[in-house]
Amino acid sequence: MALENCLQVSNTRVGGVQCHIHTFSTKEKLNLPTFNKGLKKSALSYSSFRYSKTNSRKPLFVCKAREALDQVQVVTESTWNNSVIASENPVLVEFWAPWCGPCRMIAPVIDELAKDYSGKINCYKLNTDDSPNIATQYGIRSIPTVLFFKNGEKKESVIGAVPKSTLSATIEKYVEQ
């Protein structure tokens, strides 16, 4: 999982809406200050984010790892092999396009499934307009189409905006209990 989805720093101010958020990239080094006797607050340096003296709370470090797992991630032709084919977990991939009405209808269902099966499956969406070669490779002729992969192999496909129960039943076939 990418570090940028895992660590976020935010400052807030009581009585106002002042918020500074910084998501760390994998190239940044995070130095957390240690508080020893004799260390003055003015000696602290927060070079990775803005710190305002008007803030009434100290920086807050929050792990966003769970959120990264239970969100539908975008997959492209360049990330396909690493994200889908090489995945150790079963994978659900929704093939969609922004202009597709049924795709917009099924998107919240896919989001719910990503949360329901967090840690058990990986959920991705592939925009067929941006990645036509993958869609062609798997014979996608209608969208939305949801493909299920396990151990890098396509196992099953579901075509159309189907109910959540239909997709859940298919997922259950491939999730290890």
Would you say [X] and [Y] make side-chain contact, with heavy atoms under 4.5 Å?
X    : Y    : value
L92  : N122 : no
D116 : S168 : no
W99  : I143 : yes

Side-chain donor/acceptor of [X] to backbone N/O of [Y], under 3.5 Å:
X    : Y    : answer
S83  : T79  : yes
N151 : E153 : no
T136 : P132 : yes
T145 : R141 : no
T128 : W96  : yes

V146 and its side chain to side chain contact (heavy atoms under 4.5 Å, CB included) partner, picked from V109, V93, I110: I110
Residue of the set T170, N89, I121 for which side chain to side chain contact (heavy atoms under 4.5 Å, CB included) holds with V175: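 Exactly one candidate clears the test, I121.
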Y174 ring center within less than 6.0 Å of Y117 ring center: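 Here the rings of Y174 and Y117 have centres that are no less than 6.0 Å from each other.
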Straight-line distance of S157 OG to I140 CD1, nearest 0.5 Å: 7.0 Å
From I134 atom CD1 to E77 atom CD, the distance as rounded to the nearest 0.5 Å: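 I134 atom CD1 to E77 atom CD measures 5.5 Å (nearest 0.5 Å).
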Parallel, tilted or perpendicular, as decided by the 30° and 60° cut-offs, for the rings of F149 and W80: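 Aromatic pair W80/F149 classed perpendicular.
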